[in-house]
Amino acid sequence: MPELPEVETVRRGLAPAMEGRRIEKLVLNRADLRFPFPENLVETVERKTIVALGRRAKYLLIDLDDGMTIIAHLGMSGSWRVEEADNAQLPGWFHAPRNVNALHDHVVFQLSGSPARRVIYNDPRRFGFIKLSPKSELEADPGFAGLGPEPTGNRLDAAYLATRFVGKTQAIKSALLDQRNIAGLGNIYVCEALWRARLSPFRAAGHLVTPTGRPKGGLKTLVPAIRAVITEAIEAGGSTLRDHRKTDGTLGYFQHSFSAYDRTGSLARTRIAAAL
DNA sequence: ACATAGACCTGTTGGC
DNA sequence: TGCCAACAGGTCTATG
């Protein structure tokens, strides 16, 4: 499911449900997802209080009060949802969305408070994973070392990308998907950003840079396009194609704004429909 | 360094 | 209706 806007949407949904609460019990319904769970996962997080929810790239970060951080990646089909233990309905909250099969509820956080609350990680394809790291050592984690800048942050600009792309024959789409260049983009938002910048995905990344490593016009157009797409998608709650839900079970909305992704032949289809 | 293919999984979709 | 191939938002590895 998730590119950066979807993970950020999840973070914003989970934060008010989790922050300040204690993890009374962590239930693992299987031994692994993409990777085995850390052996000490349960004893590390149980009876700890959740301090804050963060995000880096497509990683969700759950900070605990002892300095440990739970690192969660949603893979292709991961989703999180919140349930009140007594099924009480909080404003804007929900029960399990219809498309979530409890068969794939792999991890359950039982939180303190009244009524008690469960936060559940569901992932049919199990490409997601959960790891642990001391917060102070996050940057050294293999998943984080070498990660490029956040698309909405100050570190991303045309000059920076020019240093990454200079001389490269690699297609610009491929270069944008490389998390070492920019963190958090995936297939959808790369397509959308390239479309907005009117750049072919097949164009060589190095073609957007002068031989001396200065950004050309196309790259200067691309950077704001990336920022705008990501910002708008976050505001829309991400894109729901199949799996992605906000943590309250409602749909993301940005798919209605797609200009490029999943629109192969749509102009032709429109013409045909109009002619009939 | 890069492109490509295959791997990991299950669920949905579209064509016949 | 049923079957089956193709495909899906993400990485990671092997191979050329």
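First the proteins, then the strands, lettered A, B, ... as listed; each starts at 1. Side-chain atoms are counted along with the backbone in the values below, which use heavy atoms only and exclude waters and symmetry mates.
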In whole Å, measure the gap between the [atom1] atoms of [N] and [M] for me.
N	M	atom1	answer
B:dC9	C:dC3	P	26 Å
C:dC7	B:dA5	P	13 Å
B:dG11	C:dC12	C1'	22 Å

Between [N] and [X], is there an OP1 or OP2 to side-chain N/O distance shorter than 4.0 Å?
X	N	value
A:Q179	C:dT11	yes
A:Y189	C:dG9	no
A:K168	B:dC2	yes

**Q.** From C:dT11, B:dA3, B:dC9, nucleotide with atom closest to A:H73 side chain
**A.** C:dT11
Q) Which nucleotide in the list C:dA8, B:dT10, C:dT11 gets nearest to the side chain of A:K58? A) C:dT11
(Q) As a check on the pairing definition, encode DNA chain C in dot-bracket form, counting Watson-Crick and G-U wobble pairs whose two distances are under 3.5 Å, and using | for partners outside this strand. (A) .|||||||.|||||||
Q) Other hydrophobic cluster members with A:F35, side-chain heavy atoms of Ile/Leu/Val/Met/Phe/Trp/Tyr under 4.5 Å, chained? A)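 ILVMFWY cluster around A:F35 also holds A:Y59, A:L61, A:I71, A:F129, A:L138, A:F144, A:L147.
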Q. Which residue pairs satisfy the salt bridge (charged side-chain N to carboxylate O under 4.0 Å, His left out) criterion with at least one member in residues 140-154 of chain A, sequence neighbours excluded?
A. A:R55-A:E150, A:R56-A:E150, A:K131-A:D141
Can any side-chain N or O of [X] pair as donor or acceptor with the backbone N or O of [Y] at less than 3.5 Å?
X	Y	value
A:R11	A:L53	yes
A:D157	A:A159	yes
A:D105	A:N122	no

(Q) A:I234: which residues meet the side chain to side chain contact (heavy atoms under 4.5 Å, CB included) condition with it, sequence neighbours left out? (A)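 In terms of side chain to side chain contact (heavy atoms under 4.5 Å, CB included), with neighbours along the sequence ignored, A:I234 is linked to A:L4, A:P5, A:E8, A:R12, A:I230.
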Q.
Tell me every residue that passes side chain to side chain contact (heavy atoms under 4.5 Å, CB included) with A:E139, counting only those two or more places apart in sequence or in another chain.
A.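 Applying side chain to side chain contact (heavy atoms under 4.5 Å, CB included) to A:E139 gives none.
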For [X] and [N], give me the distance from atom [atom1] to atom [atom2], rounded to whole Å.
X	N	atom1	atom2	answer
A:R126	B:dA7	CZ	P	17 Å
A:D262	C:dA6	CG	C1'	14 Å
A:H244	C:dG9	NE2	C1'	10 Å
A:D141	C:dT11	CG	P	14 Å
A:K173	C:dG10	NZ	P	10 Å
A:H106	B:dT10	NE2	P	9 Å
A:W80	C:dG9	CH2	C1'	18 Å
A:L177	C:dA8	CG	P	13 Å

Q. Closest nucleotide of DNA chain B for A:H104 versus for A:R34: which of these residues is on the 5' side?
A.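 The answer here is A:R34.
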Q.
Let me spell it out: for each of A:F129 and A:R125, pick the nucleotide of DNA chain C with the closest heavy atom. Which residue's pick is nearer the 5' end?
A.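 Mapping each residue to its closest nucleotide by heavy atoms, the 5'-most match is A:R125.
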Q: Report the residues that fulfil ring pair (Phe, Tyr, Trp, His ring centres under 6.0 Å) with A:Y261, sequence neighbours left out, ordered by chain and then residue number.
A: A:F258
Q.
Would you say the base of B:dC8 stacks on A:F127 (centre-to-centre below 5.5 Å, plane angle below 30°)?
A. yes
